[in-house]
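This report concerns only the one structure given below.
Proteins come first, then strands; the chains are lettered A, B, ... in the order of their sequence lines, and each starts at number 1. All heavy atoms count here, side chains included; hydrogens, waters and symmetry mates do not.
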Number of protein chains: 2
Amino acid sequence: MMQGDGVVDLATSLGYLLKEASSALRLAMEAVLRPLGMTVTHYSCLELLAQRPGLSNSELARGAFVTRQSMNVLLQALERDGYVTRPAEAPVGKALPTRLTPLGRRSLATASAAVRAVEVRMLSGMTEAEQSAAHTSLQSMIRSLRGADEGR
Amino acid sequence: MMQGDGVVDLATSLGYLLKEASSALRLAMEAVLRPLGMTVTHYSCLELLAQRPGLSNSELARGAFVTRQSMNVLLQALERDGYVTRPAEAPVGKALPTRLTPLGRRSLATASAAVRAVEVRMLSGMTEAEQSAAHTSLQSMIRSLRGADEGR
DNA sequence: TAAGGTATGTCAGAATACTGACATGATGCA
DNA sequence: TGCATCATGTCAGTATTCTGACATACCTTA
């Protein structure tokens with residue numbers, strides 16, 4: 001991982017490889033979502049809501065790895081276009097539980113199929129054991145990085 | 001990876017985990033680079049130039065996973081502030097070979113040390129074998145994703 | 001009860017990256 | 001040689017995300 005002068009060697013750096021893989025995945029997802037008029041964050045939001053209905057704006061933001069301000073902008077657009085609904089008043093606290101509309105569910109269905117195909121392609125060259133190993137490796141990296149980096 | 005209704009299960013999806021790890025790494029890098037007045041792309045550009053002097057704008061863009069337009073904006077700022085130099089005329093074709101100035105090299109030195117510490121922390125919980133496995137897994141994903149997604 | 005701390009939603013402005021477009025130089029091919 | 005194709009640098013406009021800030025609601029604790 002080191003070079004003679006102590007500079008990180010990008011060619012073998014796991015950090016660089018992680019960024020490269022993430023970039024490739026994002027590009028592939030954008031490629032299949034663009035024809036559907038959807039961005040990756042847009043899709044992530046709908047997918048999160050399908051699996052965990054009633055998530056708040058802040059919870060969606062954390063799940064999609066963006067700030068709550070960014071997610072708020074997206075949610076306002078999704079609400080305006082009829083993909084999600086939010087109550088006018090918070091049932092408890094300030095958090096507004098968000099839910100998919102039938103339109104949102106239909107929109108997600110096609111997008112989800114497209115994204116699933118991308119993920120299948122991504123895993124096509126790996127054995128079950130390799131996939132499992134990748135799973136534990138990534139979780140280990142996340143755990144280590146989060147530890148000393150609380151708060152944002 | 002599947003749920004009953006065919007929706008991707010985010011909790012176990014390698015794609016989601018990849019995004020999560022990449023996000024955690026980016027956040028950790030931003031945290032240590034911010035005090036140095038440097039963004040991740042900014043750092044990536046300098047690091048690439050340190051390892052492969054003379055890279056062109058387009059080559060740097062590909063290496064940092066941004067468009068050549070974005071890299072061009074960054075390079076103009078770096079050139080204006082004296083971190084890199086580019087010849088006024090292209091020695092061959094239109095590509096302008098970029099090089100670090102002594103100031104750029106000094107600036108990179110501290111940033112590189114900070115980033116290296118982040119990467120060390122990221123790998124702290126993994127054995128050599130696990131790191132090697134992660135390496136091959138990520139490369140496999142990249143290869144599979146790139147295959148059917150030529151051009152951008 | 002009162003106060004400090006935390007979490008949330010939201011507005012506004014700034015930073016960053018992207019898409020579209022054009023001109024130019026190199027390359028491959030007929 | 002001539003022409004089509006491709007890669008590059010760059011300008012302009014747009015889109016997306018971020019940082020900063022504020023008000024509000026809950027929770028803990030003295």
Comparing A/Pro91 with B/Ala95, nearest DNA chain D nucleotide closer to 5' gives the residue B/Ala95
First locate atom CE of A/Met122, then atom OG of B/Ser140, and finally report the distance between them rounded to the nearest 0.5 Å.
9.5 Å
Going from CD on B/Glu130 to CG on A/Leu14, what distance comes out if it is rounded to the nearest 0.5 angstrom?
11.5 Å
For A/Ser44, what residues pass the side-chain hydrogen bond (donor to acceptor under 3.5 Å, both in side chains) criterion, not counting sequence neighbours?
B/Lys19
Taking CG from A/Leu55 and C1' from C/dA7, how many angstroms apart are they, rounded to a whole number?
15 Å
Looking only at side-chain N and O atoms, does A/Thr39 come under 4.0 Å of OP1 or OP2 in D/dA15?
no
Please work out which residues in residues 73-87 of chain B have a non-hydrogen atom less than 4.0 Å from an atom of DNA chain C and list them by number.
none
Angle between the two end axes of the helix from C/dT1-D/dA30 to C/dA30-D/dT1, five base pairs per end, rounded to 10 degrees?
40°
Can you list everything that forms a side-chain hydrogen bond (donor to acceptor under 3.5 Å, both in side chains) with A/Ser137? Sequence neighbours excluded, please.
none
In whole angstrom, what separates A/Asn72's CG from D/dT19's P?
16 Å
Qualifying residues under side-chain contact (heavy atoms from CB on, under 4.5 Å), relative to B/Thr39, sequence neighbours excluded:
B/Thr41, B/His42
What nucleotide among C/dT10, D/dT16, D/dT8 has an atom nearest to a side-chain atom of A/Leu96?
C/dT10
Per atom distances to the B/Arg68 side chain, the nearest of C/dT16, C/dA21, C/dG9 is C/dA21
Per-nucleotide protein contact string for nucleotides 1-7 of chain D, where B marks a base within reach and S marks sugar-phosphate only (heavy atoms under 4.0 Å, - for neither):
-------
By the ring pair (Phe, Tyr, Trp, His ring centres under 6.0 Å) test, which pairs, at least two apart or in different chains, include something from residues 46-66 of chain B?
A/Tyr16-B/Phe65
I need the CD-C1' distance between B/Glu59 and D/dG9, as an integer number of Å.
13 Å
Please identify each residue that fulfils salt bridge (charged side-chain N to carboxylate O under 4.0 Å, His left out) with A/Arg68, with sequence neighbours left out.
none
Cut-off 3.5 Å, side chains only: do A/Ser13 and B/Glu119 have a donor facing an acceptor?
yes
Under 4.0 Å between a side-chain N or O of B/Ser70 and OP1 or OP2 of C/dT16?
no
Any A/Asn57 side-chain N or O less than 4.0 Å from OP1/OP2 of C/dT8
no
Distance below 4.0 Å between B/Thr67 side-chain N/O and C/dC18 OP1 or OP2:
yes
Consider the side chain of B/Gln69, meaning its heavy atoms from C-beta on, and name the nucleotide among D/dT17, C/dT10, C/dA21 that approaches it most closely.
C/dA21
What residue pairs, at least two apart or across chains, pass salt bridge (Lys or Arg N to Asp or Glu O under 4.0 Å) with a residue in residues 85-114 of chain A?
A/Glu79-A/Arg86
Please identify each residue that fulfils side-chain contact (heavy atoms from CB on, under 4.5 Å) with B/Thr101, with sequence neighbours left out.
B/Thr85, B/Leu103
Return the value, rounded to whole Å, for the distance between atom CZ of B/Phe65 and atom C1' of C/dT16.
18 Å
side-chain contact (heavy atoms from CB on, under 4.5 Å) partners of A/Ser70, counting only residues at least two apart
A/Val66, A/Thr67
Return the set of residues passing side-chain contact (heavy atoms from CB on, under 4.5 Å) with A/Ala95 (not counting sequence neighbours), or none when no residue passes.
A/Ser56
